[in-house]
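Down below is the structure, laid out as structure tokens.
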Amino acid sequence: MTNSVASAAALASSPDIAPPRVRFAPSPTGFLHVGGARTALFNWLYARKYGGKMLLRIEDTDRQRSTDESTRAIFDGLAWLGLDYDEEVVFQGSNLARHQTDVAALLASGAAYRDFTPAAELERMREEAAASKSPFRFDRRTAELPAEEEARRLAAGETFAVRFRVPDGVTEWHDAVHERIAFPNKDIEDFVILRSDRTPVYNLAVVSDDIAMGITMVMRGDDHISNTPKQILLYRALGAPVPEFAHVPMIHGTDGKKLSKRHGATAVGDYQHQGLLPSTMINFLALLGWSPGDDTEVMTLDVLLDKFSLDGLQKKAAVFDPQKLDWMNGQHLSMLPLETIMPHVYPAFERLGVSTREELHARDEWFRGLVDLLRVRARTVDDIALQATPYFSEDITYDADAVSKQWRDADASAQILMATRERLADLPAWDTASMETALRNLAEELGISGGKIFQPLRVALTGLTASPGIFDVLLYLGRERSLDRMQSAVRFLKQDSAV
RNA sequence: GGCCUCAUCGUCUAUCGGUUAGGACGCCACCCUUUCAAGGUGGAGAGACGGGUUCGAUUCCCGUUGAGGCUACCA
């Protein structure tokens, strides 16, 4: 919401908090995952609802796995969904100096210490612990090194990692979705905050950046719950205010396991290319792990914004149901203003080779009318394009089932088709009202039901048994093409009965 | 293994101590109807288990079970 009147109205209903600053912080190591997109959505809704700021931070500190392509996919995905953000995008990798400064401060205050234990040695201890089935916790062997020994090893050029000195006690917080969560500090080991190559580890980088960005509310997946006590400890040691936390539930696949590639499309881009509407994705994702509290289901972004509140956040993981997604897209397809869906329709026609953008624009009014006719019976924009094929291609292929069902008696069908063609050819005007009058009269004269005429005609015109109303089909196909198709059908039927 | 989190129809959810436990997707039937959709009506379908607290528990507490997450000098 960029509209100031609207945001002022939203503010009036906001909780008694200062405008929140939230962030979406994906790591660019794959495509924008639906889970990530939902986290972004909730953050966005929260920021926009309460007049706050939504920031974007790319956590690219893992040089091995981070790619520019992936960063672009995140930007593209957010843009497609219509989730914008404020201020400059922050790239975590460029904050290295600050991260190191923060570690130095922690070292200076005694909140952290140097650990000279070689990685291989740590590995060995971990394996030993695993073998004896006892939990491994760093034994603090280097937590209290005498100053002179430390100086000596430093001078000798020994490498070291920096570990946070976890204090005694219990670390707890009030989570916006889980209420109170507490971790006894004895269960938290002295975790590494700076690697021996002087690069920061995740928890330190996140806290350092969230402090620098002035983040007041951290909303993220609940797989981060166990990172939270470590981060809270870091905030305190750094002398910074601890933000609020909201841990939203995970999204699972149909088998109850964490959503992954096995479950099919998990990248937002996949759905975009399958002809899903962005408003559907938003609507569907919002309802996974959040509820407006009433029975409203099909919603556009502005309605979502109106209804959103932290209270509706769920604790339980939600299963991603592709069937409901499909249904919802069908709802959006028929409910949204035609202008809103048209931009998504043109690319589908091109992608599926049904038509070209130039051709479509050349007779845009006709095209929009056709889309309007088809959208109510489609579930994706690709469906629309596929169903529109008979109105674009020169040739027509008769579906085998359609032929055997509706043209069972070839001679009779040909007779009816010829009579039908004659009446339509004589029509003074090509409009649905005249068509209907003419054909209903014909049916009465022949003493048959309308369906006996409409059904064979539908096959002749589209090759299929399913289509929009038959008069609309005639209208959109046009007089010439309709009459041609009927002629071809008669030819086909006569040939067929001759064999 | 340890720590943390979670638990209402197959799935998404409503319920904030008292309801014939409501809605939606999916499934089935019927209606509408020139077909297919859409729409309408109806149906089958749930409080994991065991203890408490209470006049009364899906709801509050404890335990069990199950599920998920974390457990790196990854993020």
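All values below were derived from every heavy atom in this structure, side-chain atoms included, with hydrogens, water molecules and symmetry-related copies excluded.
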Quiz item: cation-pi between A/Arg153 and A/Phe160, 6.0 Å / 45°: no
Separation between the P atoms of B/U59 and B/U54, rounded to whole Å: 16 Å
Watson-Crick or G-U wobble partner of B/G68, both distances under 3.5 Å: B/C4
Side-chain N or O of A/Arg126 closer than 4.0 Å to phosphate OP1/OP2 of B/A72: yes
Sugar-phosphate only, base, or nothing, as touched by A/Leu194 at under 4.0 Å among non-hydrogen atoms: nothing
With sequence neighbours excluded, residues passing salt bridge (charged side-chain N to carboxylate O under 4.0 Å, His left out) with A/Arg379: none
May I have the list of side-chain donor-acceptor pairs in residues 303-320 of chain A shorter than 3.5 Å, sequence neighbours left out?
| unit_1 | atom_1 | unit_2 | atom_2 | d |
| --- | --- | --- | --- | --- |
| A/Lys307 | NZ | A/Asp294 | OD2 | 2.9 |
| A/Ser309 | OG | A/Asp311 | N | 3.0 |

B/A38 phosphate, OP1 or OP2, under 4.0 Å from A/Arg375 side-chain N/O: no
A/Tyr271 and A/Asn329: side chain donor to acceptor below 3.5 Å: no
Closest nucleotide among B/G2, B/G26, B/A75 to the A/Arg379 side chain: B/G26
Sugar-phosphate, base or nothing in reach of A/Thr117, heavy atoms under 4.0 Å: base
Sugar-phosphate only, base, or nothing, as touched by A/Ala182 at under 4.0 Å among non-hydrogen atoms: sugar-phosphate
Touch class at under 4.0 angstrom, heavy-atom based, for A/Ser27 against every strand present: sugar-phosphate
Sugar-phosphate only, base, or nothing, as touched by A/Leu288 at under 4.0 Å among non-hydrogen atoms: sugar-phosphate
Interatomic distance at C1', B/G47 relative to B/U15, whole Å: 11 Å
Same-atom distance (C1') from B/G2 to B/C55, integer angstrom: 44 Å
Touch class at under 4.0 angstrom, heavy-atom based, for A/Gly221 against every strand present: nothing
Watson-Crick or G-U wobble mate for B/C30, both contacts under 3.5 Å: B/G40
Sorted by number, the residues of residues 316-328 of chain A with heavy-atom contact under 4.0 Å to RNA chain B: A/Lys316, A/Ala317, A/Ala318, A/Val319, A/Asp321, A/Gln323, A/Lys324, A/Trp327
Touch class at under 4.0 angstrom, heavy-atom based, for A/Gln314 against every strand present: sugar-phosphate
Whole-angstrom distance between B/U11 and B/C3, as gauged at atom P: 29 Å
Watson-Crick/G-U partner (both atom distances under 3.5 Å) of B/G18: B/C55
B/G26 versus B/G43 - spacing of their C1' atoms, nearest Å: 14 Å
Sugar-phosphate, base or nothing in reach of A/Lys452, heavy atoms under 4.0 Å: nothing
A/Lys257 with A/Asp255: basic N within carboxylate O range, under 4.0 Å: no
No-H, no-angle donor-acceptor pair, A/Ser196 side chain to B/C73 base, under 3.5 Å: yes
Gap in Å between the two C1' atoms, one belonging to B/G22 and one to B/A29, rounded: 22 Å
Touch class at under 4.0 angstrom, heavy-atom based, for A/His247 against every strand present: nothing
Geometric class of the A/Phe471/A/Phe454 ring pair [parallel <30°, tilted 30-60°, perpendicular >60°]: perpendicular
B/U35 to B/G42 separation - C1' atoms, rounded to the nearest Å: 25 Å
Same-atom distance (C1') from B/C27 to B/G10, integer angstrom: 10 Å
First of A/Lys257 and A/Asp187 reached from the 5' end of RNA chain B, by closest nucleotide: A/Asp187
Touch class at under 4.0 angstrom, heavy-atom based, for A/Thr199 against every strand present: nothing
